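Worksheet: one structure, shown below.
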Amino acid sequence: MGRKLTIDYHPGPLLAIETSCDETSVAVLAGRTVLSNVVSSQAQLHAKWGGVVPEAAARAHVETIIPALREALQESGAGLSHIQALAVTNRPGLVGALSVGMTAAKALAFARDLPWIAIHHLEGHILSSLAQTPSNDFDVVFPHVAIVVSGGHTELVLVEAPMNYRIVAETLDDAAGEAFDKTARLLGLGYPGGEALQELGRLGDPHRYRMPKMLQNDPEHFSFSGLKTAVLRLVEKEGAELRKHDLAASVQEAIVQTLVDKSLMAAETLQVRALSLVGGVAANERLREVLKAECSRRDMALYTPEPALCTDNAAMIGIAGGIRLAAGERSSMDIDVIATAPLPENI
Ligand code: KG4
Ligand code: ZN
């Protein structure tokens, strides 16, 4: 069934910052325990443009970072003078957005002469199942396959241990969340559209409309771009006859089936008996339901962290940072933010 590892964390209190896209988030952790995890979403701000506008995101982070820091410290019960270490996302992401969190972290590290570490955003998502909150306390085993599905990511990652990852499948075009968002947009559902599509399809027939096959026989790649073309054609062809509930249910089912099929295929090929489901799309009820049923049928473990730990948040960055700091890693003041970057090398 896999191994339980003894994982060392920086004892904390550790302050973590995440500003890679459109969420300003600050968390305080003690070991793997999340003392606070404040998330301020800019979704409403960007909704009027139908997507994230980088310049507006950076400005909103500037406005929100200090209030978020204050709130996270207050909620955690730790004062700024108690903080012993820092972790911050420095890659990949929108450079203007990343710079806001990075500058805040560097300023705090400099002022208090604290150890700090720059973290890869994807590593945060991958390790989010290790974060401990009152309603989230998994005994995670290794190896497991992390299913990372969000507006920016669709990756299956073999996690041998913290800091030891291998990407075993990724998308050739859109991310799973984008597939939800783009089809939702074609149905006039606003941005981001994943949850709205789920709600619209709740009473729909998931088999009413046939969706294109999505690289069914390629275990290493996802492709979602064909979906929006298919939806666009249907919207044009059916006109007033279009059954929106059925179309929403059909699109959701197609995305869910391809995610579940490839995840199970990866686990089987790698002979891994545990999966974790993380990233914003992990909030999808149908995805959770199907994956849960398939895992229990196979007697496999499934970790589905609470939604606040799945969408972009600083607690997951604190987990990754706490592990790397405990392993002796430190960042220096001359490192910068990076727009695109591979996952860190295995150690
Ligand atoms: O992780 P996240 O908050 O931000 C990114 O890093 O992208 O993920 C946001 C994505 C959006 O595409 C959104 O539509 C999708 O997650 N999402 C959902 C649901 N809730 C959020 N997709 C499907 N069903 C949901 N219930
Ligand atoms: Zn993310």
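In listed order, ligands and their atoms are each counted from 1. On a predicted model such as this, the values are computed, not experimentally measured, just so you know.
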What is the nearest protein non-hydrogen atom to [atom], stated with its residue, atom name and distance?
{"atom": "atom 20 (N) of ligand 1", "answer": "Gly280 O, 3.7 Å"}
{"atom": "atom 18 (C) of ligand 1", "answer": "Gly194 CA, 3.7 Å"}
{"atom": "atom 4 (O) of ligand 1", "answer": "Asp312 OD2, 3.8 Å"}
{"atom": "atom 15 (C) of ligand 1", "answer": "Val281 CG2, 3.9 Å"}
{"atom": "atom 14 (O) of ligand 1", "answer": "Asp181 OD1, 2.6 Å"}

Side chains of [X] and [Y], donor plus acceptor under 3.5 Å:
{"X": "Ser25", "Y": "Asn313", "result": "no"}
{"X": "Glu23", "Y": "Thr311", "result": "no"}
{"X": "His125", "Y": "Asp312", "result": "yes"}

Flag side-chain contact, heavy atom, 4.5 Å: [X] against [Y]:
{"X": "Thr133", "Y": "Asn37", "result": "no"}
{"X": "Glu285", "Y": "Gln198", "result": "yes"}
{"X": "Arg166", "Y": "Glu160", "result": "no"}
{"X": "Met333", "Y": "Trp116", "result": "yes"}

Taking distance alone, with N or O pairs closer than 3.5 Å, would you say [X] contacts ligand 1?
{"X": "Pro192", "result": "no"}
{"X": "Gly279", "result": "no"}
{"X": "Gln198", "result": "yes"}
{"X": "Asn284", "result": "yes"}
{"X": "Gly151", "result": "yes"}
{"X": "Glu285", "result": "no"}

For ligand 1, which atoms, with element, lie under 4.0 Å from some heavy atom of [X]?
{"X": "Gly177", "answer": "12 (O)"}
{"X": "Thr311", "answer": "1 (O), 3 (O)"}
{"X": "Ala283", "answer": "20 (N), 26 (N)"}

**OP:** Please say whether more than 12 non-hydrogen atoms of neighbouring residues, nucleotides or ligands are located less than 6.0 Å from CZ in Arg273.
**Re:** yes
Original post:
Is it true that atom CD of Glu268 has more than 12 heavy atoms of other residues, nucleotides or ligands lying nearer than 6.0 Å?
Top reply: no
Decide, yes or no, whether a salt bridge links [X] with [Y] under the criterion of side-chain N to carboxylate O below 4.0 Å.
{"X": "Asp246", "Y": "Arg243", "result": "yes"}
{"X": "Arg298", "Y": "Glu294", "result": "yes"}
{"X": "Arg233", "Y": "Glu236", "result": "no"}
{"X": "Asp137", "Y": "Arg32", "result": "yes"}

Original post:
So which protein N/O/S atoms does the Zn ion (ligand 2) have within less than 2.8 Å?
Top reply: His121 NE2, His125 NE2, Asp312 OD1
Subject >> Shortest reach to atom 19 (C) of ligand 1 by a heavy atom, considering only Gln252, Glu195, Lys182 >> reply: Glu195
Original post:
Are Gly152 and ligand 1 in contact, using a heavy-atom cut-off of under 4.0 Å?
Top reply: yes
Original post:
Hey, what do you get for NE2 (His120) to CG (Leu127), rounding to the nearest 0.5 Å?
Top reply: 12.0 Å
